[in-house]
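For the numbers below, each heavy atom of this structure counts, side chains included, while hydrogens, waters and symmetry mates do not. Predicted model, so just to flag it, every value in this text is computed and none were measured. Nothing fancy with the numbering, it's 1 onward along the sequence.
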Amino acid sequence: MRDAYHEELDSIGEGLVEMARLVGSAIGRATTAILDSDLKLAESVIAADEKVDDLQHELEARAIALLARQQPVATDLRIVVTSLRMSADLERSGDLAQHVAKLARLRFPERAIPHDLHATILEMGQLAQRLMAKAAEVIITKDVDLALQLESDDDEMDLLHRTLFQHLLDDKWKHGIETAVDVTLLGRYYERFADHAVSVAKRVVFLVTGEHADEIQPDIQPVTGVEGA
């Protein structure tokens, strides 16, 4: 019985990794869809979010069943509760990727993003994907230092987000109000996606140490880039 219980705990962790990989792929494909005005790709991202939702529901059901049957305490209880919170972060990340794809669909056949912002949006999309890949690695390895590093990595996304606003506030902006709204929303989607990746990593820190990430000083230096997916 005990072996089966721990196998179920392991399967919940595997489900979280799958969710992280799915939403990481989704944000990458959604970025391509909005930059290339690719309606077919946008539709595939929108449809694929159902699988992320289904996975979250399945993980929730497993976790609640474990709580009811096993009444876990100490570390095991922390694993179950933290897993529920991580699944919620990942599900919201999937929604944000879907929002990017829906914006691409809404503006089709026009391109939602002006050419002079393509490089910034591409960089935001790639960074979001790498951050989520690192979050998946953290779930697998339970590496606290790597988890704490994500918050430093997220500073790069905040910088890119500010860059978008500098364009919007520039007197030379010539793309109109509708595009300005689209760019504002898009920047928010990527920023929030990155925040959820950081949140997942912080929850792993709590799972491993029993302490909140903000209470721990990482023994690492901030980095300017993120490992590739």
Open item on the list: Using the rule side chain to side chain contact (heavy atoms under 4.5 Å, CB included), only one of Thr184, Thr179, Thr163 pairs with Leu168; which is it?
Closed with: Thr184
Task: Val204 and Lys142: CA distance, side-chain angles, deciding distance, side-chain contact (heavy atoms from CB on, under 4.5 Å) verdict - done: CA-CA 6 Å; Val204 173; Lys142 306 296 188 294; 4.0 Å; yes
TODO: Output all residues satisfying salt bridge (charged side-chain N to carboxylate O under 4.0 Å, His left out) with Glu58, sequence neighbours left out; order by chain, then residue number.
DONE: Arg62
Open item on the list: Are Glu137 and Asp143 packed together at the side-chain level, in the sense that at least one heavy-atom pair is separated by less than 4.5 angstrom?
Closed with: no
Task: Over 12 foreign heavy atoms within 6.0 Å of CZ, Arg78 - done: yes
Open item on the list: Check whether Asp170 reaches the backbone of Trp173 with its side chain - one donor and one acceptor, N or O, closer than 3.5 Å.
Closed with: no
Task: Side-chain donor or acceptor of Thr82 paired with backbone N/O of Ile79 under 3.5 Å - done: no
TODO: Please report the closest heavy-atom contact between Val138 and Leu150, naming both atoms and the distance.
DONE: CG2-CD1, 4.4 Å
Could you list the donor-acceptor pairs under 3.5 angstrom formed between side-chain atoms of residues 16-29 and any protein atom two or more places apart in sequence or on another chain?
{"residue": "Ser25", "atom": "OG", "partner": "Arg29", "partner atom": "NE", "Å": "3.3"}
{"residue": "Arg29", "atom": "NH1", "partner": "Ser44", "partner atom": "OG", "Å": "3.2"}

Under 3.5 Å, which donor-acceptor pairs link side chains of residues 92-107 to any protein atom two or more places apart or in another chain?
{"residue": "Ser93", "atom": "OG", "partner": "Asp89", "partner atom": "O", "Å": "3.0"}
{"residue": "Gln98", "atom": "NE2", "partner": "Ile46", "partner atom": "O", "Å": "3.1"}
{"residue": "His99", "atom": "ND1", "partner": "Asp95", "partner atom": "O", "Å": "3.4"}
{"residue": "Arg105", "atom": "NH1", "partner": "Glu43", "partner atom": "OE1", "Å": "3.2"}
{"residue": "Arg107", "atom": "NE", "partner": "Asp182", "partner atom": "OD2", "Å": "2.7"}
{"residue": "Arg107", "atom": "NH2", "partner": "Asp182", "partner atom": "OD1", "Å": "3.1"}

TODO: May I ask you to check whether over 12 heavy atoms, not counting those of Glu60, lie within 6.0 Å of atom CD?
DONE: yes
Open item on the list: With clusters defined by side-chain heavy atoms of hydrophobic residues (ILVMFWY) lying less than 4.5 Å apart, directly or transitively, does Leu169 cluster with Leu160?
Closed with: no
TODO: To the nearest 0.5 angstrom, please state how far the CD atom of Glu14 sits from the CD atom of Glu7.
DONE: 10.0 Å
- [ ] Look up atom CD1 in Ile12 and atom OG in Ser87, then write down how far apart they are to the nearest 0.5 Å.
- [x] 9.5 Å
- [ ] Check whether Val181 and Val183 end up in the same hydrophobic cluster, where Ile, Leu, Val, Met, Phe, Trp and Tyr are linked by side-chain heavy atoms less than 4.5 Å apart.
- [x] yes
Task: Interatomic spacing from CZ in Arg203 to CE in Met86 - rounded to 0.5 Å - done: 8.5 Å
Do any side-chain atoms of residues 108-128 form donor-acceptor pairs under 3.5 angstrom with protein atoms, and if so which ones, sequence neighbours left out?
{"residue": "Arg111", "atom": "NH1", "partner": "Leu35", "partner atom": "O", "Å": "2.5"}
{"residue": "Asp116", "atom": "OD1", "partner": "His175", "partner atom": "NE2", "Å": "3.3"}
{"residue": "His118", "atom": "NE2", "partner": "Ile113", "partner atom": "O", "Å": "3.1"}

TODO: Sequence neighbours left out, what pairs pass ring pair (Phe, Tyr, Trp, His ring centres under 6.0 Å) with at least one residue falling in residues 62-94?
DONE: none
Open item on the list: As a quick check of understanding, evaluate side-chain contact (heavy atoms from CB on, under 4.5 Å) for Asp76 and Leu66, giving each step before the final call.
Closed with: CA-CA 10 Å; Asp76 287 350; Leu66 279 179; over 6 Å; no
Task: Transitive ILVMFWY side-chain link Ile34 to Leu39, under 4.5 Å - done: no
Open item on the list: For Gln149 and Asp145: C-alpha separation, side-chain torsions, deciding distance, then whether side-chain contact (heavy atoms from CB on, under 4.5 Å) applies.
Closed with: CA-CA 6 Å; Gln149 192 182 91; Asp145 284 341; over 6 Å; no
Task: Stepwise side-chain contact (heavy atoms from CB on, under 4.5 Å) test for Glu8 and Ser11 - done: CA-CA 5 Å; Glu8 189 67 16; Ser11 74; 3.8 Å; yes
- [ ] Report yes if some heavy atom in the side chain of Lys134 is under 4.5 Å from a heavy atom in the side chain of Leu146; otherwise report no.
- [x] yes
Tabulate below the donor-acceptor pairs under 3.5 Å that side-chain atoms of residues 187-195 make, not counting sequence neighbours, or state none.
{"residue": "Arg188", "atom": "NH1", "partner": "Glu191", "partner atom": "OE1", "Å": "2.5"}
{"residue": "Tyr190", "atom": "OH", "partner": "Thr31", "partner atom": "OG1", "Å": "2.7"}
{"residue": "Arg192", "atom": "NH1", "partner": "Asp195", "partner atom": "OD2", "Å": "3.1"}

Open item on the list: How about CG on Leu159, more than 12 heavy atoms from neighbouring residues, nucleotides or ligands closer than 6.0 Å, or not?
Closed with: yes
Open item on the list: Within the structure provided, determine whether Asp54 and Glu50 are in side-chain contact (heavy-atom separation under 4.5 Å).
Closed with: yes
Task: Flag side-chain contact, heavy atom, 4.5 Å: Phe206 against Glu211 - done: no
Open item on the list: Grouping I, L, V, M, F, W and Y whenever their side-chain heavy atoms are under 4.5 Å apart, do Leu90 and Ile140 come out in a common cluster?
Closed with: yes
Open item on the list: Using every non-hydrogen atom in the two residues, find where Ile139 and Gly13 come nearest and quote the distance to one decimal.
Closed with: CG2-O, 4.1 Å
Open item on the list: Do Val45 and Leu185 land in one hydrophobic cluster if side-chain heavy atoms of ILVMFWY residues count as linked below 4.5 Å?
Closed with: no
